[in-house]
Amino acid sequence: NVDQLRMAWSWSLPDSMNEITPLVHDGVLFIYSGPVVQALDAATGALLWQYLRVLPDEYDNGRGSRVKTLALFGHLLIAPFVDGHVVALDVRTGKVVWDQEVLTTRQRDSRGKAEGVALHLNGGPIVAGGVVVIGASLGLENSPGGCFIIGLDANTGAEKWRSNTIARPGPPGGGSWNDAPVHERFGGGDWTP
């Protein structure tokens with residue numbers, strides 16, 4: 001029946017790198033582009049709500065954002081942003097339920113204003129056992145100390161744990177980098193959920 005397919009509706013996204021896979025649940029299509037998360041009626045394309053995150057000037061209005069997925073947990077839609085925050089929105093209204101800073105000012109990509117350190121939250125979150133899991137990936141420049149995966153409480157956004165993706169000096173396996181100090185260890189980016 002492929003020859004019977006016809007366009008039902010279309011929607012223009014805000015300007016960004018747009019690598020997102022839309023998420024559809026209960027007849028609602030959730031989409032992310034730049035600093036905007038939108039909920040659309042999946043059958044008609046009508047805008048149900050949108051959340052616009054106001055970003056500092058150095059983020060170029062979120063155009064460099066390349067988030068690949070969003071996540072659902074009960075009535076929450078979980079979205080990472082280019083400013084290093086993970087935000088939970090109410091799926092019915094788009095109102096912020098919680099907002100958690102995951103990347104510090106020094107870690108996140110601020111277009112060269114963060115002392116050469118550039119990490120992103122663009123792989124996208126997943127939720128398992130009430131924990132939002134998301135990894136930090138490398139940005140435009142190398143990131144001394146490497147990347148990490150973090151677990152946030154899905155109901156509150158509070159950090160539950162953080163695990164580095166490259167060995168740290170001291171623990172077993174920490175000498176696998178020929179005893180290089182942590183600021184000389186790079187890599188371990190988490191590009192996918």
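Here the straight-line distance linking atom OG1 of T156 with atom CD of Q100 works out to 8.0 Å at 0.5 Å rounding. Residue I150 holds its CD1 atom at 8.0 Å from CG of L103, rounded to the nearest 0.5 Å. The CG atom of L89 sits 8.5 Å away from the CG atom of L76 when rounded to the nearest 0.5 Å. Once rounded to the nearest 0.5 Å, the distance linking CG of L72 with CG of L77 reads 5.5 Å.
The nearest pair of heavy atoms linking P169 to P171 is O-CD, 3.0 Å. Between L40 and G45, the closest heavy-atom pair is CD2-O, 4.0 Å. Nearest heavy-atom pair across W49 and V91 is NE1-O, 2.9 Å. Taking each heavy atom of A88 and I78 in turn, the nearest pair found is CB-CD1, 3.8 Å. Listed here is the closest heavy atom pair of T69 and G124: OG1-CA, 3.3 Å.
With W9 contributing its side chain and A42 its backbone, the two residues share a donor-acceptor pair below 3.5 Å.
Between Y32 and Y51, the ring center distance fails the sub-6.0 Å criterion.
The hydrophobic clustering, which links ILVMFWY residues whose side-chain heavy atoms are closer than 4.5 Å, places L121 and I166 apart. Residues W177 and V182 do not share a hydrophobic cluster, clusters being chains of Ile/Leu/Val/Met/Phe/Trp/Tyr side chains in contact below 4.5 Å.
Remark: S176 engages A167 in a side-chain contact (heavy atoms from CB on, under 4.5 Å) (not counting sequence neighbours). Remark: N155 engages no residue in a side-chain hydrogen bond (donor to acceptor under 3.5 Å, both in side chains) (not counting sequence neighbours). Applying the side-chain contact (heavy atoms from CB on, under 4.5 Å) criterion to D41, with sequence neighbours excluded, gives A43, T44, A46, L48. Considering only residues two or more places apart in sequence or on other chains, P181 meets the side-chain contact (heavy atoms from CB on, under 4.5 Å) condition with H183, E184. With sequence neighbours excluded, no residue forms a side-chain contact (heavy atoms from CB on, under 4.5 Å) with T21. In terms of the ring-ring contact (aromatic ring centres under 6.0 Å, His included) criterion, F73 has no residue partners (sequence neighbours excluded). In this structure, F30 has no ring-ring contact (aromatic ring centres under 6.0 Å, His included) partners at least two apart in sequence or on a different chain. Looking at residues two or more places apart in sequence or on another chain, you find a side-chain hydrogen bond (donor to acceptor under 3.5 Å, both in side chains) between K68 and E19. Under the side-chain hydrogen bond (donor to acceptor under 3.5 Å, both in side chains) criterion, Q38 pairs with W11, Q50, sequence neighbours left out. Taking D90 as the reference, R92 meet the salt bridge (charged side-chain N to carboxylate O under 4.0 Å, His left out) condition, with sequence neighbours excluded. A search for salt bridge (charged side-chain N to carboxylate O under 4.0 Å, His left out) contacts involving R168 returns nothing, not counting sequence neighbours.
Other members of the cluster containing W161 are I126, V131, V133, I149, with ILVMFWY side chains joined at under 4.5 Å, either directly or via other members.
In this structure the side chain of W98 never reaches within 4.5 angstrom of the side chain of D153, judged on heavy atoms.
Exactly one residue among V37, V102, D99 makes a side chain to side chain contact (heavy atoms under 4.5 Å, CB included) with F81. That residue is V37.
Within a 6.0 Å sphere centred on CG of D3, heavy atoms belonging to other residues, nucleotides or ligands number more than 12.
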